[in-house]
Each structure stands twice: as C-alpha cells, then as structure tokens.
Amino acid sequence: MQDNIISRPNPLISKSKHLCFPPSQNTPHVSSPPSTEKMAPSFTFPSDLHSSDESDSGDHLLSLSSPIDLSSLRPFDLEELVKGVAFDLSEKEIFCVEEQQVFDRVYSLVKGFSHLNSSCKFNLAETLRSNLSVLLPNLDSLSRAAPSSPSGYSGVAARVSSHRNALKIYTFFLLSIALGEQSRHEHPVGGSKAAVQSKKKNHLNSWNWESYRGRIINLIANSLEINLSLLFGSSEIDENYLSFVSRCVFTLYENQTLLKDSDSRESLGRIIGAIATKYHQTTQACASILHLLHKFDFAVTHIADAVAAAENKYGDGRLAVAIIREIGRADPKDYSRDGVGAENVGRFLVELADRSPKLVSMNVGVLVPHFGGESYKIRNALVSVLGKLVMKAFRDIEGDVSSKSLRLRGKQAMLEILIERCRDVSAYTRSRVLQVWAELCEEHAVSIGLWNEVASVASGRLEDKSAMVRKSALNLLISMLQHNPFGPQLRVAAFEATLEKYKEKLCQMEPSAISEDGNGVDAVHGQAPMEEHEESVSDSCPPHGDEQREEEAIVPDIGNLEQIRALVASLEAGLRFAKCITSTMVTLVQLLASSSVTDVEYTILLLMRCKQFQIDGSEACLRKMLPLVFSQDKSIYEAVENAFITIYIRKDPEETAKNLLNLALDSSIGDLAALECLVSSLVSKGEISTSMMSALWNFFSFNSNGVIAAQSRGALSILCMALKSTPGILGSHLQDIVDIGFGRWAKEEPLLARTACVALDRLSDEDKQKLRCGGIKIFSMLQSLLTGSWLPENVWYAAADKAIKAIYSIHPTPEIFAAEVVKTSISSIFSSSGNDEMPTDADSEDVNVSTVLAAKLGRCLFIISHVAFNQLVYIESCIHKLQKQKAKKEKSKLESEAAAGFSTEASEKQNINAELGLGASEDAAIDALSERAEKEIVSGVSNEKNLIGHCATFLSKLCRNFNLLQKFPDLQASAMLALCRLMIIDADFCEANLQLLFTVVENAPSETVRSNCTLSLGDLAVRFPNLLEPWTENIYARLRDPSVSVRKNAVLVLSHLILNDMMKVKGYINEMAMRIEDEEGRISNLARLFFHELSKKGSNPIYNLLPDILGRLSDQKNMKKDSFRNIMQFLINSIKKDKQMEALVEKLCNRFSGVSDKTQWECIVYCLSQLTFTEKGMKKLMESFKTYEHVLLEDSVVDHFKNIISKSKKFAKPELKSCIDEFEEKLNKSHMERKEQEEIANNAYKHQQKIERSMEDGTGEVINPAEEATSNTTEAIQPDANGMNSEESCGCSILTECDDEDTEFQSPKASHGGDSDFIIL
C-alpha cells in the first residue's frame, strides 16, 4: 500500500516540491488578483471543521471537494505535503488560497493538524499567520483604488471579493487550529506516529503552542479592528463571519489555562469588544457572556475587563448596558435556585462597577428591584456595587447645576439604600453592607451629616445574633474612629466645653438666636478645636506640642459668621459621635465574654482604638480584658498580650514602669491575678527589660521625683509578679523591702505592709536563708504588725494573712514564733482581768464583754485560726519533703546497686519486700506521723489540749452565745470564720460543731455571716465528705436564701463540688435548676453555666436527672408556668444524643400513669413537645398511647401533642407519615370521645343534683326519665380521678337524708333495661 502511494504521482504536491525553503525565507506575493469577469467562489464558514465534508459545493461556493486522509500517509509524505503547501502560499500570491487545489490541501492539513509533527505544525501555522498579517495592511489600499474605466469597476469588485474571501479563509483556518490545539493541550491523547517522529531533535522552529497561541489570537483581533466595511460594503458585516469568530472566542474563554496568559486574554477581550460594539453584535455577545458568567467562575474578572475595555476604547457602553439590563430583567427566583450563577453575576457587577463606575451608576436602577429577591448573594453584590459607585462615580464635579443636583440625589439615594440594608434579613448581607461602610469611611466618602447615623447603626449591630455581623460592626467602628473628621481626642467633656464656647461666640455675633440649621455641616471637614490637649496614650498619636500646633493651624477664622455656624454644627456632630461610641462600652464588655473568638479579638482592637482617641470608659473596659489571659484559646491570649504590650509597654522604661504600677493600683483581685500572668510571661520573653525593672525599683525606693507611697506599693506589686520568671530579682533589695515596707511609709500607705509580706513569702530559698541568718528585725516587725494597732481595721486582716504566711515561709521554727504571737495577742486582750490565759467559759457572765474591745477580740481570733491553718499547711509541706527525701534515697540506692552490678538481685529483693509489706511500713509511719501532727493542732494528744485547743473551746462557746454576738455582728463574722477554719483542720472538732454551723448559716441575721459560712461548707465537704454527707439537703437549702450573695456563693460551692466529683448529685438538684430563673442575672448565668458543664461529663447526667427534676418542679405550687418552661427547655436542649431523646420519650410517657393532677399533665406533655423526635422516638410515642390516653381530655394537652405531630411530619419518610396520620386521627378521635364522656357525665351529675334538691325540698315532683333520656343514661356517670367511668362498677347509690331523722331514702340503681324505680316523697 505504501509503495503504491509513492509510485503514482501525487497531484496534491506542487511541481516545485523539491525546492523546500523555509517559509520565513519567502515573502508571499500580494499582486492583484486577475481582473477577469469571473470572480472566485465565495467562502462560507461551515458550522465546524468537519461539516464541510458533507456540504454540497456549488460553483458559487468554495468548500472542500477533494479531502486528503492524513492518517494514511507516512511521516515523510506528510512533511513533503506541508512543505509544498507552505511553498505555494509563500511563493504565490496570498490569494492563491482561493484556488480549489490549494484550498483542499490546506483544509485537509488543518483538519488533520493533530497528525502533524512539531515542525510541520509550526510551518503551516506560521505560513497562514504571515499571509494574513500581510493581507491586513493591503485592505487600506482598496479605498485608494479608483477605477479608470467602466470595466475597472468589475476589477475592483473582484479584488474586494478576493480580499474578503482570503480574510475569511485565513481566519477560519487559524481559529480552527487554535481551537483544536487548545483542546488537545488541555486533554492530551496518546501520541501518534508523527508525534513519535517529532522527538528526534529539537528544531529551531519547534512547536510551542503556549507561546504561539497569543500571536494567532492577537492577529485575529487586529483583523477585526481595521475598516472591514471596505470588504463587506456599507451594509452589516457578514454575520456568518462574525458568528464564527465570536463562537470560537467564547469557546476559548471557557479555558482557564488560556486566560492565565495575559496576551491571549487581552486579545480575546479586544475581539469581544469589537464584535459587540463596533459591529453591533451586542445581543449575541450579551447572551454568550451571561452563559459564561453562570458556568465559569474563573472568567468573571476577565469578562469584566473586556467589557470595560470595550467601553473605554470605543466610547460606547452598549455592551455593558445590555448585560446590566439582562441581569436586571432576570427573575430573582432564578438566582435563588442557582447559587453559583448568582455569585458569579454578583462578582461581575462589582468588578464592572469598579472599572466603569459612571456607566453602571446610570443603569443601576434596573438592578435595585433585586434587593427584594431571595438570593442574598445578589443582594451582597448590589451592596458592593453601590459602595463602589459612591466611592468612584461621583468624584467628577464638572457639569451644570442641574446635573450636579441629579448626581447628588442619586448618591444620596444609594446611601439611603445602604443604611436600609443594614437591617437585611440575611446575616451575610448585613455583614457585607457594614464592610462597605467601612470601605467608604476609609475612602472619606461619608459626609459629617451621615456620619452619626452610620455610627448609630453600627453600634446597634453589635448586638446582632450573628457573629459575622458583630465582627463587621466592630471593624466599622474601628474604621470610623481611625478616619473620623472630628479630631484625635473624642472626650465628651472636651467637646461640650468647646461647643459651649463657640455657641456663646455665635450668640454674641447673632443676638437673635443660635441658628440650628444644619446646612453648614459639610462645609467644615477639619478637626474640631480643643481647649485642652493631653498627651496621647498611643504611639500613633502625635506628641503634645505637635498636636497643639496642628490643631491651632486648623482652627478657622472665628470672625466669619458662616464659619462659626459651620463649626458649631461640626462640633455638635462630633459630640454626638463621641457619645455614641461611649454608649457602646457596656456592650463591648459583654462581647469580651462572648464564646466567639472573633468577637473577643475585634472588641479588644476596638477598645484599643477607643483608648487611643480617649473615649470615656475605654480604659476601664480594657482592664476587664485582662482575665482573658486565662482563656484556653491561644488566639485570644495572644490578642490580650498584644493589646497589653501596645497600651502599656513603652520604649521609655520610666513610662512603662509608671503604666504598670498604676494598673496594679487600680486592679481588682481577679485583675491582679491576670496581670501577674501577663507580667511573668512578658518578663520571660524579654518584653519587660531589665531597665524597666530598674525603673520599678526606683519607684519603690522613692528615687524618682514625685513618687508617692501608693506608687511605691504598686511598683513592689509588679516586682513580686515578676518573681515567677526571675526568682532572684529581690535578693539585692531585701533591706529596702524591710525598711520601706514596714517603716514610716507603711503608715502612710497601709497596704504597703501587705505587699512587703507578699514579697517576703515569694523570696528564693537563698534569699530566705539570708533573712534567717540576720532576720531578727524582720520578725519583730512582723510580730508588731500582727499584735500592734498601727494598721487600720480594713487593712489589718489582709496584711495579717500575708504576714502569718510569710512567717511560716521564712522563719526557721515558725510554730514556736507563731505560738508567741498568739500568746501576745491573747494577753493584750485579757491582761486587764489579771489572767493571761483565754477563758474557756465564754457563755458565762464572768466575761465582761464591755471591757473587751470586740475589734481586738476579732483580730485575736483571726490570728489563732490563721496560725492553726498555716500550721496544717506547714505539716503537709514537711511530710511532702520527707516523702521526697525517701524517694530520692531509694532512687540513689537503686542507682548505686545497679552501678555495682546487683540490679537483678536488688530488684528481686525489692519485690519480696513489697510482697511482705515491708516497704509499706515506712509510708505507714509517715502517714501516722502526719495524722498525729494534724491532730495535735486542735484536739491535742491524750486528752491534753495545747494552745490552739484551749482557744478552740473558747471559740466554740463564744459562737454559741447568740445573745452576745447579736450585739457585735463584726465579732460574729470573725468568730464564725475562725470556727470554720478550725473545723477544717480537725475532724472531731468539725463533727462537734456541725450542728452549730448549720444553725448559724440558716438563722444568722447577718448576710455576711451566712455568705461566709456557705463558702466554708464547700471546704468542709472537700475535707470531710463523710461528715457532711448527711447535711446535703441543708447545703442545697442555701440556694433558697433571700440574700443574693448567699445564693451566689451556694451556686458556686455546689458547682465546684459536683463538677469535680466531690459530691454526688442527689435528689435536690431541682433547687439548682430553679436558679436558672433566678431574678438575679449573675446567679442565673452561673446556674446555666453549671448545667452546661455538667452536660459534658460522661454520658450527660442531665439525661438521668431530668425526670426527677420534672417531677419535683411540677409539684411546686408557687412555680410560675413561664419559669418552669424556661428551665425545662434549657435542660432538654442540653441533651444532644438521639438515643437519650428516644429513651426520654418512653420515660415521660410512663409518668402519666402515676399522675392525676392536670397541671402535671401539662408539664409532662410540654417536656415531650420540646424533645427532638427521631423516627424511633415517634414510634415509641405511638406505642405508649395507652399510658396517656386518659389525659387527652384536656385541650392544652392535645395542643402539645398536635405540635409534636406537626414537627414530626417535616422530617418523616412517606411510610412514617402514614403512621403519623393514623396516630393523629386516633388522637383526635380519643379526644372527642373524652370530651363527649365529660359532657355526658356533667349532665348526669346535674340531673342527680336536681333529684337531690327536689327530695330535699319535699315537693314530691315526679321526674320523667324520658324527658332527659339524651342526657341521663346508664353510662352518664361522673368519672373518677383516673378518668375511669363508674359503669365498670355498676351504678352508684346516693343516700339522702330528709328532715325526718329516722327516714332515709336510697336512689335506685340504674338498670340495663332502661327502667328505673323512683321513690316519690
């Protein structure tokens, strides 16, 4: 077969086929076509490359007549064929492509382009491209070719026809190559023989489609930009030609890889713009563009570029207008169904508005109706479009007055729509519109007149239910503060003072009245002048002097009346803005506690910005940020830390020290703990440098100018916080701590002594050893602090607490020194009686309380109890040291034996000792020693009490003397606290005084005493759980205390005990559930938090507790219906597992059988209606019908069941729906039957009452049963409590007693036959 092909002559190959020069070396001739009367056949674009095979070619049409099957040719023949075609197209005139033989060969090669190797592809494509590039410039020569004779007109027509044909043919071939190669490039197929042969060498003119693609598309774009009317006449351009080019271009637009090539992308855009705008194919192009937008998201931006470029190049926006109107005319429901298409269309509108804002602004009216559609994506896009238009479309101020007024009205209408969209039903749209407002603020596109309205909307959105909306609102407020036109300081007081000043000035210039017209608001966009300037707390604010000079330069000339009016209006707007931001502080504090991380992060950023602009209350809110350092979320911790560094850490060490000590002075206990965590972390990271620590020492030592005692205390507090990271930081200043902390400065600042005690307690072991060596002075100062009276009452207790702790930390023999302190304290009180020992009979009259100061006695009791408590801690620390030494000794022994080679023998010996229990004897001895030492603190040994034991006896009797303590409530508080501490130490003492403690906690008139005792109950329950177990009900009873603080402490105590498994959840948990609806919000939140955390434990204990809680709450008569429903709804919502929900259905249904109260029926069925019913749960409800059949008499109960049915139908499958329908029918039938039975029973009861009244009246009236046959039947009997009729137990007998005492009448029994006997009086 191959031999036959070679042997016979091939008419497709040119005669000069052996002269194969590269196409680049031959320039195609552009000679005029022959001026014959007969013109070449016209070329018409086929629908695709393969359709020309089947077309019927006539004399007037040019089409493929003799196709060549390239797949049957050898590679050598293919190369020769390509070279011949290239030579013909190069050597001959460019119009030779109209010749049928050349056309057929080129058509066949283009059709089988995939069979060619790389060099052939390049030669063919380059020849076609170069011929078309030569043809284009010659089209202009047609306009200069004027015919000299009548016969010349036919020659010009022939030339025009040849140029037109050549343009269409070359365009067809090049675009066909582009489509085919791009498709094969994206979806490669297995290589052919030609592809294999092409890998021999890397030729100079190798085929690289990605680099060559842009040259072809660019040439096609150039061909459309010339004057084609010379070829096609004055009429419309050949639609077949434009349609083919348009179809190819939009097909290429569907390729994502091609669009990444900037040259190709730009050329495709030029083609679209020319076809749609220059050649008026707007409708077809618009339809194709909309198809692309709906299907291919990657083409959105590039199509917007093309549409905008067409409008800019041709000055005609008909394509953009057509697309906008088509989008506007679309049914909004279509966008709600096609989410991807809606998103792409929206992106296109936004991109187009960004590139052609003026054109879009003139046609945006057709898009506004889509704000009422269901697709939030379209609404989001329209909001973004309006934002782009406000920013860009109205900057041009040229034009007459009417056009300016029209543009302003349009802008105002867009802004009003944006304000309205802030209340959109979709959270996505609300969030997006707030983001648009933030962008407008950054572009300074919001006027002062609208500024406060936007701020008000943003502050309202802080309470939105959606986290993304709150985030956008916070970000908007940050932007508004950053770009506000009112100045760097937004204090309300400063604005009010400045406004008052200028109002007075305006009154002087305009005596009649202050004009309240707001026309001049927008006239002044500068900053409002301030009378007073303070240094900004942020580095981003200008320094004091520069700020003052800047504002002085901005202040307008006050001599102009109009300027004064405008300035007053601007100040009023600034004052409203400052008040608006200030009013958000309460909401921002709540957002700091939000469960959403973004809420917390952006709230911190907003508070930082508020502090920078000196918003009132911002600093106090920032301090409430500090406890967030304990958050488990790393991002929140980092946000707090970064904010802390930004606000308080400065480059100047002295300024940083001052910020930190002032923060420590004004912080609460919780804030101090958070501050300690932050300071310790920053010291370890190096953010707080040694120079800053030196500055703190200077403040503490009064080495800086103007330091007061309070600042010295604050500096020492920060230094104590830094001890966690650098324990030896205080070692070189021990003498300063002693001299300043307990010297004359402590009398001026009493809390300085407490801080000094904290510093002593936290010293390193080396520093403590230094104090023990020469610390006689410090111990005497500590004793003076405890037994003296130079500290005020409100400070002494806090200082004494830390002082006793410091004694046990640094003294070599703390128990001896503490005993001396206790004796000194006792002797100072009772020395007047001549007895240094504390009396043990506190309830006798021998103790003359009037001679004993209650305050001193309270201090003494505090010292006694605190010494005992610290002694217990000291004993535990000693035991821990012994155990540690024992473990260390055993470890070193094992290591030494292992080094000596006796490891196996030693391990065997150790195992034998462990089996015999010899190793446990040491641990038992240590435990016995610990138990004996703890016992000696209060009870003593061998019935001999020590110092604390004697004090404990006196204290117990003192607490029982209620008459005495009622006169001194502060003494009772101190005594009960001391009693509770001693009870925590000793079990026997605790058991002996438990009755006293619960009596006081229930009956004490002092709220403080009850609250403190409630907290102590938690400690006792942890220490001695077996002793407190019988008193569990009494502990729960504290939840009903009338005092808010007592109830709050009770919730905290029980939450701690239950959640940490130190107390079992007993049957009194309903008391905790009732606190969910506590009138105090803080208690309600704590109770909700408790049940939320309880639901996370194990398999959710609330599931097992719920039926019991339901029964107990429904039994309480004083429980409001709304409160009950809120409690049960909250508890049921905490159950998430379907199996538990299904089990609850059965449990709740079974409770109907043992309940007769209608209120309880409603409670149970309400809980059923709150469950989430699965298919199994619904089946269980149907199966349990008999358990609740008798309660279907009540309408309210049936309504709840109907609610369950309606909710179940939404998710039910078809087979289950039929069961639900049957159940509903059965339910309604049973309800109607019960109602009829009730009506009949009521009528029977009324009839019987009528008989009794007639018998009592003695009228002797005979009642005909037939008259009331419909209402008095044998079945019409009053139902009993369980809903059962008396029919089952025959008729009822009623014994009626008449006036005569000896006469009795008995009503007859109903007979089944309907006959009855009546006794007539």
Side-chain angles (χ1 to χ4, degrees), residues 415-416 418-423 430-431 433-442 444-464 469-500 502-503 516 518 521-522 524-530 536 538 541 566-592 594 599 602-622 624:
L415 292 173
E416 289 176 357
L418 290 177
I419 290 289
E420 179 186 357
R421 286 297 105 192
C422 291
R423 301 171 181 86
R430 295 197 301 273
S431 175
V433 74
L434 292 174
Q435 295 172 12
V436 169
W437 277 116
E439 295 170 2
L440 292 176
C441 291
E442 293 173 0
H444 305 285
V446 182
S447 63
I448 296 180
L450 198 62
W451 195 270
N452 285 296
E453 187 175 358
V454 176
S456 177
V457 170
S459 61
R461 289 298 97 194
L462 292 178
E463 300 180 12
D464 197 281
V469 180
R470 297 195 298 270
K471 172 186 173 182
S472 299
L474 290 166
N475 191 43
L476 173 56
L477 290 175
I478 292 172
S479 298
M480 295 190 76
L481 281 171
Q482 181 66 28
H483 303 282
N484 83 88
F486 307 113
Q489 297 180 3
L490 296 176
R491 294 173 308 194
V492 173
F495 266 97
E496 290 177 344
T498 307
L499 179 62
E500 187 64 27
Y502 280 97
K503 279 187 175 182
E516 297 186 3
V521 173
D522 296 334
V524 177
H525 295 280
Q527 299 174 345
M530 295 297 191
S536 175
S538 175
C541 290
L567 185 57
V568 168
S570 179
L571 287 171
E572 289 176 345
L575 178 60
R576 290 196 298 272
F577 179 65
K579 288 183 177 180
C580 178
I581 300 297
T582 303
S583 65
T584 62
M585 292 298 115
V586 177
T587 306
L588 294 181
V589 172
Q590 296 174 355
L591 288 177
L592 285 175
S594 173
D599 282 350
Y602 279 84
T603 300
I604 292 173
L605 293 177
L606 178 56
L607 287 174
M608 290 171 60
R609 192 67 67 188
C610 289
K611 183 169 176 22
Q612 174 185 337
F613 286 89
Q614 301 182 13
I615 299 296
D616 297 335
S618 59
E619 189 170 358
C621 290
L622 274 173
K624 295 183 180 180

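Numbering starts at 1 and runs along the sequence shown. Quick caveat: nothing in here was measured; it's all calculated off a predicted structure.
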Nearest heavy-atom neighbours spanning [X] and [Y]:
| X | Y | result |
| --- | --- | --- |
| Ser431 | Val469 | N-CG2, 4.0 Å |
| Leu476 | Ala438 | CD1-N, 3.4 Å |
| Leu462 | Ala473 | CD2-CB, 3.9 Å |

Go through the steps to decide whether Ser459 and Thr587 satisfy the test side chain to side chain contact (heavy atoms under 4.5 Å, CB included), and finish with yes or no. CA-CA 9 Å; Ser459 61; Thr587 306; over 6 Å; no
Rounded to the nearest 0.5 Å, what separation is found between the [atom1] atom of [X] and the [atom2] atom of [Y]?
| X | Y | atom1 | atom2 | result |
| --- | --- | --- | --- | --- |
| Cys580 | Trp451 | SG | CH2 | 12.0 Å |
| Glu463 | Leu591 | CD | CG | 8.5 Å |
| Arg491 | Phe613 | CZ | CZ | 13.5 Å |
| Leu622 | Leu607 | CG | CG | 5.0 Å |
| Leu588 | Thr603 | CG | OG1 | 5.5 Å |
| Arg423 | Arg430 | CZ | CZ | 11.5 Å |

When you check the gap from the basic side-chain N to the acidic O, do Glu453 and Arg576 get nearer than 4.0 Å?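 Here Glu453 does not pair with Arg576 in a salt bridge, since their nearest N and O are not under 4.0 Å apart.
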Flag the pair Asp464 and Arg470 as a salt bridge only when some basic side-chain nitrogen lies within less than 4.0 angstrom of an acidic carboxylate oxygen.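 Not counted as a salt bridge, because no side-chain N and carboxylate O are separated by less than 4.0 Å.
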Criterion side chain to side chain contact (heavy atoms under 4.5 Å, CB included) on Gln612 and Arg609, from CA distance to verdict: CA-CA 5 Å; Gln612 174 185 337; Arg609 192 67 67 188; 2.8 Å; yes
Start with the C-alpha distance between Gln435 and Asn475, add both sets of side-chain angles, then the distance that settles side chain to side chain contact (heavy atoms under 4.5 Å, CB included), and finish with yes or no. CA-CA 8 Å; Gln435 295 172 12; Asn475 191 43; 5.7 Å; no
Among Val589, Ile604, Leu606, whose side-chain contact (heavy atoms from CB on, under 4.5 Å) with Cys621 holds?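 That would be Val589.
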For the residue pair [X] and [Y], establish whether any side-chain heavy-atom pair is separated by less than 4.5 Å.
| X | Y | value |
| --- | --- | --- |
| Phe577 | Val454 | no |
| Lys503 | Glu572 | yes |
| Trp437 | Leu415 | yes |
| Val446 | His483 | no |

Step by step, would you call Gln614 with Leu490 a side chain to side chain contact (heavy atoms under 4.5 Å, CB included)? CA-CA 6 Å; Gln614 301 182 13; Leu490 296 176; over 6 Å; no
Are the side chain of [X] and the backbone N or O of [Y] linked by a donor-acceptor pair below 3.5 Å?
| X | Y | answer |
| --- | --- | --- |
| Asp599 | Tyr602 | no |
| Ser456 | Asn452 | no |
| Thr498 | Phe495 | no |

Do we see a donor-acceptor contact under 3.5 Å between the side chains of Gln590 and Ser594?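 Result is no, nothing qualifies.
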